Structure formats: structure tokens, C-alpha cells
Student: 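Encoded as C-alpha cells, here's the structure I'll be asking about.
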Amino acid sequence: MASQAVTPQSQDFSKWYNEIVYKADLASQSPVRGCIIIKPYGYEVWEAIKAGLDRRFKETGHQNAYFPLFIPQSYLQREAEHVEGFSPELAVVTHAGGKKLEEPYVVRPTSETIIGESFSQWIQSYRDLPLLINQWANVVRWELRTRPFLRTTEFLWQEGHTAHATAEEAQAETMQMLEVYAEFCREDAAIPVVKGQKSNIEKFAGALRTYSIEAMMRDKKALQSGTSHNLGQNFAKAFDIKYLSRDNVEEYCWTTSWGVSTRLVGAVVMAHGDDQGLRLPPKLAPIQVVAVPVYKNDDERAPVLDAVQRIVAELKAAGIRVHVDDRDERPGFKFNDWEMRGVPVRLEIGPKDVQNDKAVLARRDIPGRDGKQFIAQAGIVAAVRDLLADIHDNMLAQATTFREQNTHEISTYEQFQGIVADGGWAIGWWAGNDDDERRVKDETGATLRCFPLDQPDGAGQCFFTGQAAERVAIFSKAY
RNA sequence: CGGGGUGUAGCUCAGCUGGCAGAGUGCUGCGUUUGGGACGCAGAAGUCAUCGGUUCGAAUCCGGUCACCCCGACCA
């Protein structure tokens, strides 16, 4: 049951976020430290995310498979950077079946190693390439600090793993999947993202290059919402992933990996939510339209419910996800309750509407009277369909405007510090090295989110070192 | 792993100068209500984190343990 008011975003954003997660019934706390229980309503949002992505993966030629949860510890050690990056956050199984294991198993933090081992067996010839695999799975990373959906010890995700004959093909795949993520965020989640390349410090342990999509949350912080890695030949060499070329020469493959997780649920909450609660983009909303019947007494009840059932049947037949709230509560309570849960459209039908063959549609993205329209019952399916499309467009536009208003070009470190202190993204020319990047982080709390793929023409002067710079970077506080 | 805090009803918490286990909210039932968070009446609900100690008597005082939260460190 969603209940009463929520802490305003402006007062305490973290508190607001936590309350939304629980009050909108997305998740509940679990007995296990750092883990959450994803409740049916939250899981349905994840299922919609999965469906949207899975369709796109298939359309781009990928197939799903499933690899073991347990990975022999020695596998991780085969790629030097990889093991160094992950060892602090591994959960290791040392005992099983009442006995100490000969070799411990690591609970997968990601599957490059065990999938690489398989790839080395599956791939013999250039004819076996490219190999395009995806896995939907759970992974475990023993994080010290967790937050529901954003960073949990166990989480659900997908990890794509591909092998290619050439460096160019691997790079093309890396960029293609980054675009798939960006397109999904825009078209299904109504979240605008910046595609960019990660700095050396932030790149994936074992990758040649890491790319990410970065989204701005309502508190102006950045959330890395998806990553795509060009792994070069690092894992191919560590796992002996080789093929015989057309010229009968043995060559190492070029591999990629890419993933998004249940963190996306958190992204949806923090990119769209307001002080009334969650706001779900129509394509991901488990319930797109909630029908609330309104009546004063038993005489009014029957005809109102008849009309509701008739309209709901029409909407369902048109493939719209509808729910009738026939609980014995007052309408006002239901309005607030469904707003907390983020349902995009509310359909109200009362005695007056039945009399006039009308209905009321209220949209979640525009509060109050301005978001209400009185329409004829005939043609309601088309009206709802148009409204859902319009809500998506409007939510995307709102989020885009918000991001633009809070992204600032800077050319000096002083300006930079001002922007970071006020919240928001700072974008400027950057030529610093790893140490410079760490210093900026230590001094301001902001990290280099990415070098955007869309770069301005020409060159400039680094706002930190004063050196000539070829690229601009986005810096921000991040989750 | 360092510093601080909290464990009492499903949830939020009061009770802590030792003396019958409490409130708000939620839940169940009945009735009145119903176009923006209604109200009345009746009810169910607890190993007061845990183990030990002091005491005639412990939610309350003392000690140990465990768990969780916040800040820091850590972090695809």
C-alpha cells in the first residue's frame, strides 16, 4: 500500500529516493546486507526494460545463452588487470558439500573469463565469427556501500559478449551496442543520455576502451546507466580465443562486452520522479492506465461500473495495459495512491460522465487541472494512445531541458569548482593525466564522467593544466 | 576497516529518575461516506535484537555479542 506524503526532493534527495522505492512498492529491504527484494511492481518495470532490450539485441543478431554462476578462481587470475580490479569485491565459495573445495569458486562479478573459456572452444575458423552472445543473469559484487537498485550486492543485468575477426569489427560492435542502449533510454525510458568514452582511470578492468551512457538525475548528479567495452585482444590472449583466417593463419580474436543492470530502474526513478512520487514512462509502466470509478451510492455504482468495464475492455483489446481500481476507498485516496506509483494516465468515470457518454483522462506528467481532459467515450482508444505517446515525448523533453539547463561550459578551474558546488555538469577542455584527474576528484568530489562522442571542432586549452587539449570532458558528481 | 548512532506492534517512533507494554499509521469487522489523501464504533497485533549480570522486580541499570543506519575510506 502506498501511503501519504514523501520527503520533498529539494529537502533531501536521498531520503526522497529511498521513500519512493518503498512507497511505490518497487522493492523492500531484505534480511541480507546490501541486497533488496524486488517486488512484483518493481520487477514488472525490470521485465519491460528486459523486453525492450532483448528485442533490440535479437534485431542486431545476438543470441541468448547461460553460463555458470560459479567461476573457478584461477580463471579470474588469467587477466592481470581484471583480477586486480575485481578482487576486493568478490564473494568466494570455499566449502561445499560439507568439504573444503580443491579450488575455490568465485560467485561471478561478471563473466568475461568463463565465457572467454567457452569462446576459445567454440571458435575455430573465421567462419565462426562474429560470435554474438548475450546472457541475462545475476551477479555479485561485495560493495561496501549500497543503495536500492543503484548499487546492490547482488543485482540483475545482461552482459553481452562478442568475438570478432578484426579490431575494426570489434570497435564497430562496441559502438553499435552503446547506441542500442542510448536509443533504448530515449525511446523506451524517456531518458536522454550522453554517449562517451571513459577515462583511463574509469575504464573497465581489462578493457582496451570503455564507453558509457551518462544520464542526469533530478539532483543534477550523473548516473552511469550502461557500459560498452572494447576488450581488444586482452581476453583473447588470456583465454586463447583464436581462429584460423582465410589465409590459414592462426589469429587472436577481438572481443567486446557490454551491460546494463537493474540500476536502470533507479535511473527511471531519479530521472523522472517528483514530489508526488514516481513517474513512469509509458513504455515501461506495468500499468499504463488506471481506471477509477466514482459513485456516491449503490444506484450510481452499477451503471458507472458497467461503463468502466466496457471502456477497459476496449483499451485492453487495443493492447493497452489497464487496471481497474475497484477498492472500497475514496477517489481522492486512489488518485494520490496511483500518482505515487507513477501510472502515466488515470481514467475517471463518474455518474455525470455516464450520462453524457464522457470520461476524464488525467496525465501524470502534468499535475492538477491542467493535466485533465474531458473526452467522449467514443474514440477513447485513440485518445489514450495519443496521450501515452505525448506523455513519453513530454517526459523526454522535460528531462532533456533539465539536463541542458544544468550543463555548463567552463574554461577555468574556478568556474569548474563553482559549477560542481552548485550541482550540475561541467564540460570543458581536458588534457590532464591520471594524477590530475584524481586531484580534481579529491578537491571537488567530481569525477570525469566521459569524453562525449560529440566533440566540438578544433582544440582548446585545458581548464586544469593550461595545456593544449584535443577533447572536452564532462565532469560531475556521480552515483 | 576508523568515527558516530540505533535496535520496542507490519511501518515510524515514544516510554529509559527500575513497578500492568504505549501512540500515530497500517491491518480486521460493522456503519455512515465517496469528482483530490473521510469519519465513528469495535477488534487483532510484541521473545522490548541477543546472551549474561545486578535487583523482591529490568524495555529501563551494568557487561558481552549480533544486526542495521549515517559520516569517512573503498568502488565498472
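Numbers restart at 1 for each chain; the letters A, B, ... are given by sequence-line order, proteins then strands. Predicted model only: the values in this text are computed from it and were never measured.
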Student: Across all strands shown, which nucleotide pairs with B/G35 by Watson-Crick or G-U wobble geometry, both distances under 3.5 Å?
Tutor: none

Student: Below 4.0 angstrom, which residues in residues 438-448 of chain A have at least one non-hydrogen atom near RNA chain B?
Tutor: none

Student: How about CG on A/D298, more than 12 heavy atoms from neighbouring residues, nucleotides or ligands closer than 6.0 Å, or not?
Tutor: no

Student: If you measure from the C1' atom in B/C39 to the same atom in B/C56, how many Å do you get, rounded?
Tutor: 48 Å

Student: From CZ of A/F13 over to C1' of B/C70, roughly how many Å is that when rounded to an integer?
Tutor: 19 Å

Student: Could you tell me how far apart A/R327 (CZ) and B/U28 (P) are, to the nearest whole angstrom?
Tutor: 12 Å

Student: Please state the C1' separation for the pair B/U6 and B/U50 - nearest whole angstrom.
Tutor: 15 Å

Student: Using the P atom as the reference point in each nucleotide, state the distance between B/U47 and B/G29 in Å, no decimals.
Tutor: 24 Å

Student: Which heavy atom in A/S212 sits nearest to a heavy atom in A/K198, and how many Å separate them?
Tutor: OG-CE, 3.4 Å

Student: Would A/R438 and A/D442 count as a salt bridge (charged side-chain N to carboxylate O under 4.0 Å, His left out) here? Give the steps.
Tutor: CA-CA 6 Å; A/R438 276 189 278 263; A/D442 289 346; over 6 Å; no

Student: Ignoring hydrogens and geometry, is there a side-chain-to-backbone donor-acceptor pair from A/R341 to A/D25 under 3.5 Å?
Tutor: no

Student: Round to a whole Å and report the spacing from NZ of A/K23 to P of B/G26.
Tutor: 11 Å

Student: What is the pairing partner of B/C66, taking Watson-Crick or G-U wobble pairs with both distances under 3.5 Å in any strand?
Tutor: B/G7

Student: Would you say the side-chain atoms of A/Q233 pair up with the backbone N or O of A/Y252, donor to acceptor, closer than 3.5 Å?
Tutor: yes

Student: Under 4.0 angstrom, heavy atoms only, what part of the nucleic acid is A/E300 near: base, sugar-phosphate, or nothing?
Tutor: nothing

Student: Shortest non-hydrogen contact from A/C185 to A/L264?
Tutor: SG-CD2, 4.3 Å

Student: Go nucleotide by nucleotide along RNA chain B from the 5' end; which of A/G85 and A/D298 gets its closest nucleotide reached first?
Tutor: A/D298

Student: Separation of A/Y22 atom OH from B/C69 atom P, in whole Å?
Tutor: 9 Å

Student: Do any pairs count as a ring-ring contact (aromatic ring centres under 6.0 Å, His included) and have a residue in residues 336-363 of chain A, sequence neighbours left out, and if so which ones?
Tutor: A/H323-A/W338

Student: Rounded to the Å, how far apart are A/D275 CG and B/G37 P?
Tutor: 19 Å

Student: Nearest heavy atom decides the nucleotide; on that basis, is A/K203 or A/R346 closer to the 5' end of RNA chain B?
Tutor: A/R346

Student: Could you tell me whether A/T110 contacts a base, only the sugar-phosphate backbone, or nothing, with contacts defined as non-hydrogen atoms closer than 4.0 Å?
Tutor: base

Student: Name the nucleic acid region contacted by A/D353, choosing base, sugar-phosphate or nothing; use a 4.0 angstrom heavy-atom cut-off, strictly under.
Tutor: base

Student: Across all strands shown, which nucleotide pairs with B/U55 by Watson-Crick or G-U wobble geometry, both distances under 3.5 Å?
Tutor: none

Student: Roughly how far apart, to the nearest Å, are B/A44 and B/U25 at atom C1'?
Tutor: 16 Å

Student: Using a 4.0 Å heavy-atom cut-off across all strands, classify A/V292 as base, sugar-phosphate, or nothing.
Tutor: nothing

Student: Taking atom types as modelled, is there a side-chain donor on A/R449 or A/T447 under 3.5 Å from an acceptor on the other?
Tutor: yes

Student: Output the rounded distance in Å from CD (A/E84) to P (B/C74).
Tutor: 15 Å

Student: In the structure shown, which nucleotide is the Watson-Crick or G-U wobble counterpart of B/G2, with both distances under 3.5 Å?
Tutor: B/C71

Student: How far, in whole Å, is B/U60 from B/U28 if one measures between their C1' atoms?
Tutor: 33 Å

Student: Whether the A/Q276 and A/R364 side chains hold a donor-acceptor pair (N or O, under 3.5 Å, no angle test) is what I'd like checked.
Tutor: no

Student: Can you tell me how far P of B/C74 sits from CD1 of A/I201, to the nearest Å?
Tutor: 12 Å

Student: Can you list, by residue number, the residues of residues 361-376 of chain A that have a non-hydrogen atom closer than 4.0 angstrom to RNA chain B?
Tutor: A/K372

Student: Check whether more than 12 heavy atoms from other residues, nucleotides or ligands sit under 6.0 Å from atom CD of A/E84, and answer yes or no.
Tutor: no

Student: Using the P atom in both, what is the distance from B/G5 to B/G63, to the nearest Å?
Tutor: 14 Å

Student: State, yes or no, whether a side-chain contact exists between A/L448 and A/V440 at a heavy-atom distance under 4.5 Å.
Tutor: no

Student: Between B/G36, B/U34, B/G35, which one does the side chain of A/P351 approach most closely?
Tutor: B/G35

Student: Nearest whole Å is fine: how far is B/U32 P from A/Y295 OH?
Tutor: 14 Å

Student: Counting only Watson-Crick or G-U wobble pairs whose two distances fall under 3.5 Å, which nucleotide matches B/A23?
Tutor: B/U12

Student: Please list each protein N or O that sits under 3.5 Å from an N or O in nucleotides 38-44 of chain B, with the distance.
Tutor:
unit_1 : atom_1 : unit_2 : atom_2 : d
B/A38  : OP2    : A/R330 : NE     : 3.1
B/A38  : O4'    : A/R330 : NE     : 3.4
B/A38  : N9     : A/R330 : NH1    : 3.4

Student: Name the orientation class of the two ring planes belonging to A/H82 and A/F86 (parallel below 30°, tilted from 30 to 60°, perpendicular beyond 60°).
Tutor: perpendicular

Student: Pairing check on B/C41: which nucleotide meets the Watson-Crick or G-U wobble criteria with it, both distances under 3.5 Å?
Tutor: B/G29

Student: Determine the interatomic distance between P on B/A9 and the same-named atom on B/A49; round to the nearest Å.
Tutor: 9 Å

Student: Using the C1' atom in both, what is the distance from B/G35 to B/C13, to the nearest Å?
Tutor: 36 Å

Student: Looking at B/U34, B/G37, B/G36, which one has an atom nearest to any side-chain atom of A/F335?
Tutor: B/G36

Student: Considering non-hydrogen atoms only, spot the tightest contact between A/P281 and A/H272 and give its length.
Tutor: CD-CD2, 4.1 Å

Student: Pick base, sugar-phosphate or nothing for A/K334, based on heavy-atom distances below 4.0 Å to the nucleic acid.
Tutor: nothing

Student: In terms of heavy-atom contacts, does CZ of A/F451 have more than 12 from other residues, nucleotides or ligands at under 6.0 Å?
Tutor: yes

Student: Does anything in residues 149-159 of chain A come within less than 4.0 Å of RNA chain B? Heavy atoms only, and list the residues if so.
Tutor: A/R151, A/W157

Student: Going through the distances and angles, do A/T162 and A/T256 end up as a side chain to side chain donor-acceptor pair (under 3.5 Å)?
Tutor: CA-CA 5 Å; A/T162 69; A/T256 80; 2.5 Å; yes

Student: CH2 of A/W142: more than 12 outside heavy atoms within 6.0 angstrom?
Tutor: no

Student: Under the ring-ring contact (aromatic ring centres under 6.0 Å, His included) rule, what pairs show up with a residue in residues 209-229 of chain A, not counting sequence neighbours?
Tutor: A/F204-A/H229

